[in-house]
Amino acid sequence: NLSEKLQNTFKKLRGKGRLTENDINEAMREVRLALLEADVNFRVTRDFINKVKEKALGSDILESLTPGQQVVKIVYDELVEMIGGTQSKLTVSSKIPTVIMLVGLQGAGKTTATGKLANYLRKSGKKPLLVACDVYRPAAIEQLHVVGRQLNIPVFDMGQGDPAEIALKGIDQALSQGRDTVLLDTAGRLHIDDEMMSELIEIKEEAKPHEILLLVDAMTGQDAVNVADSFNSQIGIDGIILTKMDGDTRGGAALSIKAVTGKPIKFISAGEKLDTLEPFYPDRLAQRILG
Amino acid sequence: FLGVPKIDEDLFDDLEEILITADLGVQTSDDLLETLRQKVREDKLHTGDQVIEALKEEMAKLLGDEIVPLNIEEGRLNIILVVGVNGVGKTTLVGKLANRYQAEGYKVLVAAADTFRAAAIEQLEIWCERAGVDMIKHQAGADPAAVVFDTIQAGKARGTDVILIDTAGRLHNKGHLMDEMNKIYRVIKREVEDAPHETLLVLDATTGQNAVLQAKAFDEVSNVTALALTKLDGTAKGGIVIAISQQMDIPVKLVGLGEGIDDLRDFDPSVFVAALFD
Ligand SMILES: Nc1nc2c(ncn2[C@@H]2O[C@H](COP(=O)(O)OP(=O)(O)OP(=O)(O)O)[C@@H](O)[C@H]2O)c(=O)[nH]1
Ligand SMILES: Nc1nc2c(ncn2[C@@H]2O[C@H](COP(=O)(O)OP(=O)(O)OP(=O)(O)O)[C@@H](O)[C@H]2O)c(=O)[nH]1
Ligand SMILES: [Mg+2]
Ligand SMILES: [Mg+2]
């Protein structure tokens, strides 16, 4: 792991007496390698390394007896700060219902997360309604109904109609049934698909969600910044849910996304069952990214 | 940036960014760039354009340099097992393949071996209707190996040419799920000679370095014979397949370019490599 590699790097340099800026560069190469192997974006990595190197040189590291450990601490602290604090707070509207819209690429885990989020909200006393706005994927509506049945949470659908209209009708349904939170499951789509992104903008304009969450697969590589940046600039996102964190991917995409959009990671999805949504802890993710 | 006349460190820095941003990973990128530097030292490359062309050739070489067809032969019951982690596009790919083989005149039968995920069987059923092929299913929660077994028996009885097996998405670090995959694989091996003729690992083009771990783990339990790279219609380059090709001898055979039934292409290494520089 990175800690051990840095210990080794500095052990080799130890015999030369005082450390120099070049020696710090050597250590930075190891850090850069660790971040890129963890799928952190190329440019985000470059900016991160520059920041960390500056901090390292500004510290008393050149006099330190344990430079390796000190570098690891600087890297870890910077990572935790960049990834952001624990903020699993979702916007709650003063006027019911609160509307939450889930968006993202194909297969990211939106439909499953719609159920998980509803389950999570119900545990804190909310009365959620799931709304099926994916009118394209074969059996998507049925999938949401199965999820709703498994949780005993109501599901609203209008078959393969207009997603914006379905969202509005879903909100009406929530009001008439005394449900205080509406979760909109949308179809997976590419950020470069203009037609589908227009649809998303339309759903947003009609349903006026209080919270728009971008679902991102934790194993996403360098492309993560393109996706997050594009979704954020086209429809604006309030937060991110990282999915499939029960895998063994390092999850560097999370750092890239936070660095580029500034939007907080609100939840972690770590399993296929509907009770596997967890709040996000930046220090745990930092450990994982550093391997 | 093309049309660059001189070879200098700026060129190599730019190339490194292109390769890493395409998800080739640091190791594979470094190896490729070192091969280029060596050629420059041996005075074999003199301009930036030549360096870029040489890079494309080296990558295409790693990918096998030619289009490789799926291991389907006439006159036998062919079995294609489709595997991979969650949400990568397996079910959609099975629908596309079923459609292709049906259109080519083969008798196709599909096994709905994802008995776990919500509405997985319904989803596949719609694809099979679109493709005009039959599907064998059990009830939700049934043993996937039993579905596979029944489909093979049905295929033998009906003189089927191609059986496509859709399996549940599973993360490769889940031991019990990989054991289940191994059990499915062994059932196929036992029931049909030389089968599965193709174990297709589906990889999402947006996936980063984790794809290498996926390839190794799935290979261990189901003998992966080919890769299918999906969602290449997005902005991700899918360069991780070059890293996998470098470490394992598994050809990429198929590409998914969209959500429609016809959005399936045979993998062409030179087209793929050229696209990395777009
Ligand atoms: N292991 C694991 N699997 C997950 C997680 N979240 C979702 N999945 C699985 O990922 C696959 C895709 O999930 P979906 O909820 O259908 O994804 P989606 O974003 O709605 O997909 P589209 O609607 O097609 O864009 C399914 O097999 C889910 O069971 C997770 O946190 N961990
Ligand atoms: N843009 C694009 N989307 C694709 C492609 N292939 C599949 N998809 C979409 O990706 C999502 C997931 O596809 P599935 O076929 O359900 O994936 P899967 O691997 O069977 O998922 P699980 O069974 O849940 O593990 C769906 O929304 C598909 O329409 C592709 O080549 N391009
Ligand atoms: Mg969905
Ligand atoms: Mg599937």
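Heavy-atom basis, side chains included; hydrogens, waters and symmetry copies ignored. A note on names: the letters A, B, ... follow the listed sequences, proteins ahead of strands, and every chain is numbered from 1.
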Contact class of [X] relative to chain A, heavy atoms under 4.5 angstrom:
X      : answer
B:I20  : both
B:E259 : side chain
B:Q214 : side chain

Distance in Å, [X] [atom1] paired with [Y] [atom2], rounded so as to fall on 0.5 Å steps:
X      : Y      : atom1 : atom2 : answer
A:Q222 : B:L24  : CD    : CG    : 10.5 Å
A:R250 : B:N210 : CZ    : CG    : 10.5 Å
A:E142 : B:Q123 : CD    : CD    : 11.5 Å
A:L105 : B:T235 : CG    : OG1   : 8.0 Å
A:M219 : B:D204 : CE    : CG    : 6.5 Å
B:L213 : A:D248 : CG    : CG    : 5.0 Å

Original post:
Between B:K237 and A:D223, is the closest basic N to carboxylate O distance under 4.0 Å?
Top reply: no

Original post:
Using a heavy-atom distance cut-off of less than 4.5 Å, which residues of residues 31-47 of chain A contact chain B?
Top reply: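 Residues of residues 31-47 of chain A touching chain B at under 4.5 Å: A:R32, A:L33, A:L36, A:E37, A:D39, A:F42, A:R43, A:R46.
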
Subject >> Least distance between heavy atoms, B:A119 atom then A:A139 atom >> reply: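 That would be CB-O, 3.8 Å.
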
Original post:
Considering all heavy atoms of both residues, which atom of B:A118 and which atom of A:V147 are nearest to each other, and what is their separation?
Top reply: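 B:A118 and A:V147 have their closest heavy atoms at CB-CG2, 4.5 Å.
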
More than 12 foreign heavy atoms under 6.0 Å from [atom1] of [X]: is that the case here?
X      : atom1 : value
B:D179 : CG    : yes
B:E220 : CD    : no
A:E195 : CD    : no

**OP:** Tell me the residues of residues 126-140 of chain B whose non-hydrogen atoms fall below 4.5 Å from those of chain A, in number order.
**Re:**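 Interface residues of residues 126-140 of chain B: B:I126, B:W127, B:R130.
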
**OP:** Find the one option among B:V85, B:V26, B:T21, B:T92 whose heavy-atom pairs under 4.5 Å with chain A are most numerous.
**Re:**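 The answer is B:T21.
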
**OP:** Check whether any side-chain N or O of B:N173 sits under 3.5 Å from a backbone N or O of A:D246 as a donor-acceptor pair, and report yes or no.
**Re:** yes

Original post:
With a 4.5 Å heavy-atom cut-off, do B:R117 and A:Q143 have their side chains touching?
Top reply: yes

Original post:
chain B heavy atoms under 4.5 Å from A:H191: which part of the residue, side chain, backbone, both or neither?
Top reply: side chain

